[in-house]
Amino acid sequence: IHAGLPRVGAGIVRRGPGRVNACGTIERAMSLVFPHTFVPWFRSVAPYIHAYRGKTFVVAMAGEGIAAGRLSAFVQDLAILHAMGIKLVFVHGFRPQVSEQLKAKGHPERFSHGQRITDAPALDAAQEAAGQLRFEIEAAFSQGLPNTPMANATVRVVSGNFLTARPVGIVDGVDFIHSGVVRKVDAVAIRRAIDTGAVVLLSPFGFSPTGEAFNLQMEDVATSTAIALQADKLLFLTELPGVRERREDPDSPIDTELALADAERLLAALPAPQGPTDIAFYLRHCVNACREGVERSHILPFGVDGALLQEVYTHDGIGTMVVDEKLESLREATSDDVGGILQLIEPFERDGTLVRRERTEIERDIANYTVIEHDGVIFGCAALYPYPEQRTAEMAALTVSPLSQGQGDGERMLKRIEQRARTLGLESIFVLTTRTMHWFIKRGFKQVDADWLPEARKRKYNWDRRSQVLVKTLN
């Protein structure tokens, strides 16, 4: 969806008083094409805008992403989330920046158990790197250039001593010196700041009650903060694309959603992580967050432009999401679903795939409908109309959103409708279709003559439409 959108403002100056048309051919082409892509896309995003307004997200970006030059675009995406009413805490990493500082000083760096050993020179390097990165991040949030996502944006950044830390100490005989772990997060102060509309910026530094500074892991800071705030989402922007469906195959598709139980089993089967390029390194933090009450945690690739927006505002996202339970629900419809069903079936009615149904008809028959809901959005529906005298029923309005086709939702819907029909003591179900005969035939339906239809249904049969009648016997 995103890849197909034309770029606004690239080579085009809009017509108007005192404005010059820099590229009239492109402008005319966009005036013809752009509304047909932008308007449906923007409407499809609306449910997520409504759902996430007022929610709290903790977003963490690895220092490798900043080193790769992704900070400016990432901050622009954060500003868009902020404009949509999302409360944000931004945690930045600085592993490569600290390494660069140490290299410049000619001091070797040391790691153990996947964590930096922070001696005095490393602590100085971490403080210098954190100060420089805070400066760059605040400058990025202060941008306001015309024709950029930051135009007219006013984002205030608040940072401070929100974290109390304790030393890692000595582990397996290794003294981590000034490396620490989060001991406490001042959730009240952070909540007060984000409730005023500010973005809270956290560096991976914490202080002991005696004022001693500790170098923390970004992942520990982000996870502890998300748990303390009981955030709605924890999102990691990392070098990794997410968890692959076939772990051993680097070209395997990304597993876009993992139930917490599945993520725990996977984590138990993986070797102990040695660094941030191991999937277990981030997965363990996602699992920990979900165990402690964070609704959803995500692993996203910072190498994909707009990954944050795609993960938040599209159905399948782009990375891996760990959830305490499956967000997708196959259930019977209620009156609250009428609007979602209408929005789902309208394009198929318009192109003639489905027979048009009025809102009053759907409201009247809503108890006949089954829906697939994902994260509050209806992505599939079907209706069952029984004819008990003939011990059969019609399955009507079977629809799956183009955004989730090919993922087995149609098959799941069919099985649920068959189950409902069996519960009613029926022996068969039938469908009328003009375009999807082969899909039903592959699933056990057989074509029959229209005269087979129950008499009551035959009277409503549209002979001009010439729909094919397909029947499946229920075992």
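Quantities reported herein were computed from a predicted structural model and do not represent experimental measurements.
His82 places a side-chain N or O within donor-acceptor distance of the main-chain N or O of Gly197, the cut-off being under 3.5 Å. Checked by atom type and distance alone, the side chain of Glu128 never pairs as donor or acceptor with a backbone atom of Val98 at under 3.5 Å. A donor-acceptor contact shorter than 3.5 Å is absent between the side chain of Arg70 and the backbone of Gly65. Of the possible polar contacts, none joining the Gln115 side chain to the Gln217 backbone as a donor-acceptor pair under 3.5 Å is found. When atom types are taken as modelled, the side chain of Asp195 and the backbone of Arg192 share no donor-acceptor pair closer than 3.5 angstrom. Looking at Asp351, its side chain does come within 3.5 Å of a backbone N or O of Thr353 through a donor-acceptor pair. Judged purely by atom type and a 3.5 angstrom limit, Arg191 uses its side chain to pair as donor or acceptor with the backbone of Leu229. A distance-only check finds a donor-acceptor pair linking the side chain of Thr320 to the backbone of Asp255 [under 3.5 Å]. When atom types are taken as modelled, the side chain of Thr433 and the backbone of Thr436 share a donor-acceptor pair closer than 3.5 angstrom.
Note: Arg110 CZ to Leu102 CG = 11.0 Å, rounded to the nearest 0.5 Å. Taking CE of Met321 as the start and CD1 of Ile254 as the end, the distance is 14.0 Å to the nearest 0.5 Å. If you take CE on Met437 and NZ on Lys442, they are separated by 14.0 Å, rounding to the nearest 0.5 Å. If you take CG on Asp262 and CZ on Arg265, they are separated by 4.5 Å, rounding to the nearest 0.5 Å. The distance from atom OH of Tyr282 to atom OG of Ser297, rounded to the nearest 0.5 Å, is 13.5 Å. Rounding to the nearest 0.5 angstrom, the gap separating the CG atom in Leu342 from the CD1 atom in Ile378 is 11.5 Å.
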| request: Check the pair Arg296 / Glu311 against salt bridge (charged side-chain N to carboxylate O under 4.0 Å, His left out), numbers first and verdict last. | output: CA-CA 12 Å; Arg296 304 156 200 175; Glu311 183 71 7; over 6 Å; no
| request: Before giving the answer on side chain to side chain contact (heavy atoms under 4.5 Å, CB included), spell out for Thr154 and Arg156 the whole-Å C-alpha distance, their side-chain angles and the decisive distance to 0.1 Å. | output: CA-CA 7 Å; Thr154 303; Arg156 295 288 172 256; 3.6 Å; yes
| task | List the steps and the verdict of side chain to side chain contact (heavy atoms under 4.5 Å, CB included) for Ser401 and Leu344. | result | CA-CA 6 Å; Ser401 168; Leu344 175 67; 3.7 Å; yes
| Could you walk me through whether Val181 and Phe214 pass the side chain to side chain contact (heavy atoms under 4.5 Å, CB included) check? | CA-CA 8 Å; Val181 294; Phe214 291 101; over 6 Å; no
| request: Might you work through the side chain to side chain contact (heavy atoms under 4.5 Å, CB included) test for Val400 and Met413, ending with a clear yes or no? | output: CA-CA 9 Å; Val400 175; Met413 191 75 67; 5.7 Å; no
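Summarising the geometry of Ile318 relative to Pro301, their closest heavy-atom pair is CG2-CD, 4.3 Å, with the distance given to 0.1 Å. Across every non-hydrogen atom of Phe281 and Gly114, the tightest pair is CE1-O, 3.9 Å. What you find for Pro167 and Ile177 is that their closest heavy atoms are CB-O, 4.5 Å. Here the closest non-hydrogen pair linking Trp439 and Glu411 is CZ2-N, 3.9 Å. Heavy-atom minimum distance, Asp305 versus Ala73: OD1-CB, 4.0 Å. Closest of all the heavy-atom pairs between Ala193 and Val158 is CB-CG1, 4.4 Å.
Within 6.0 Å of atom CZ in Phe42, 12 or fewer heavy atoms from other residues, nucleotides or ligands are found, so the atom counts as exposed in its surroundings. With a 6.0 Å radius and a threshold of 12 heavy atoms from other residues, nucleotides or ligands, Lys415 has its NZ atom at or below the threshold. Counting non-hydrogen atoms of other residues, nucleotides and ligands closer than 6.0 Å to CG of Asp175 gives a total above 12. Atom CZ of Arg244 has more than 12 neighbouring heavy atoms from other residues, nucleotides or ligands inside a 6.0 Å radius.
Side-chain atoms of Ser99 and Arg116 form a donor-acceptor pair, as typed in the model, at a separation below 3.5 Å. Defined by atom type and a distance below 3.5 Å, a donor-acceptor pair is missing between the side-chain atoms of His285 and Glu219.
Thr370 pairs with exactly one of Arg331, Gln419, Glu332, Arg416 by the side chain to side chain donor-acceptor pair (under 3.5 Å) rule, that one being Glu332. Each of Ile190, Asp186, Val221 was evaluated against Leu163; a single residue qualifies, Val221, per the side chain to side chain contact (heavy atoms under 4.5 Å, CB included) test.
Thr277 has its side chain out of reach of Thr238: every pair of non-hydrogen atoms, C-beta onward, lies at least 4.5 Å apart. Between Leu283 and Leu266, the closest side-chain pair of non-hydrogen atoms falls below 4.5 Å. Within the 4.5 Å cutoff, no side-chain heavy atoms of Cys286 are placed close to those of Leu234. Using a 4.5 Å cut-off on side-chain heavy atoms (C-beta onward), Glu239 and Phe302 make contact. Side-chain contact between Asp278 and Leu270 is absent, with no heavy atoms from C-beta onward closer than 4.5 Å. Under the 4.5 Å side-chain criterion, counting only non-hydrogen atoms from C-beta, Glu264 is in contact with Leu260. Residues Asp337 and Tyr369 are not in side-chain contact: their nearest non-hydrogen atoms beyond the backbone lie 4.5 Å or more apart. Side-chain contact between Pro96 and Glu100: absent, with no pair of heavy atoms (C-beta onward) separated by less than 4.5 Å.
Comment: Glu109 does not engage Lys103 in a salt bridge, judged by the lack of any side-chain N to carboxylate O separation of less than 4.0 angstrom. By the 4.0 Å N-to-carboxylate-O rule, Lys55 lies too far from Glu295 to be salt-bridged with it. Between Asp409 and Arg412 there is a salt bridge, with a side-chain nitrogen of the basic residue lying less than 4.0 Å from a carboxylate oxygen of the acidic one.
Residue pairs meeting the side chain to side chain donor-acceptor pair (under 3.5 Å) criterion with at least one member in residues 131-141, sequence neighbours excluded: Gln132-Glu136, Arg134-Ser159, Arg134-Ser203.
Ring pair Phe94/Phe205 is perpendicular by interplanar angle, where above 60° counts as perpendicular and below 30° as parallel. Classified by interplanar angle (parallel below 30°, tilted 30° to 60°, perpendicular above 60°), the ring pair His92/Phe90 is perpendicular. Ring orientation note: the planes of Tyr52 and Phe57 are nearly perpendicular, at an angle over 60° on the 30°/60° scale.
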N/O donor to acceptor pairs below 3.5 angstrom from side-chain atoms of residues 117-127, sequence neighbours left out:
residue : atom : partner : partner atom : Å
Thr118  : OG1  : Ser179  : OG           : 2.7
Thr118  : OG1  : Asn215  : ND2          : 3.0
Asp119  : OD1  : Ala122  : N            : 3.0
Asp119  : OD2  : His107  : NE2          : 2.8

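A cation-pi contact, defined as under 6.0 Å to the ring centre and within 45° of the axis, is absent between Arg350 and Phe348.
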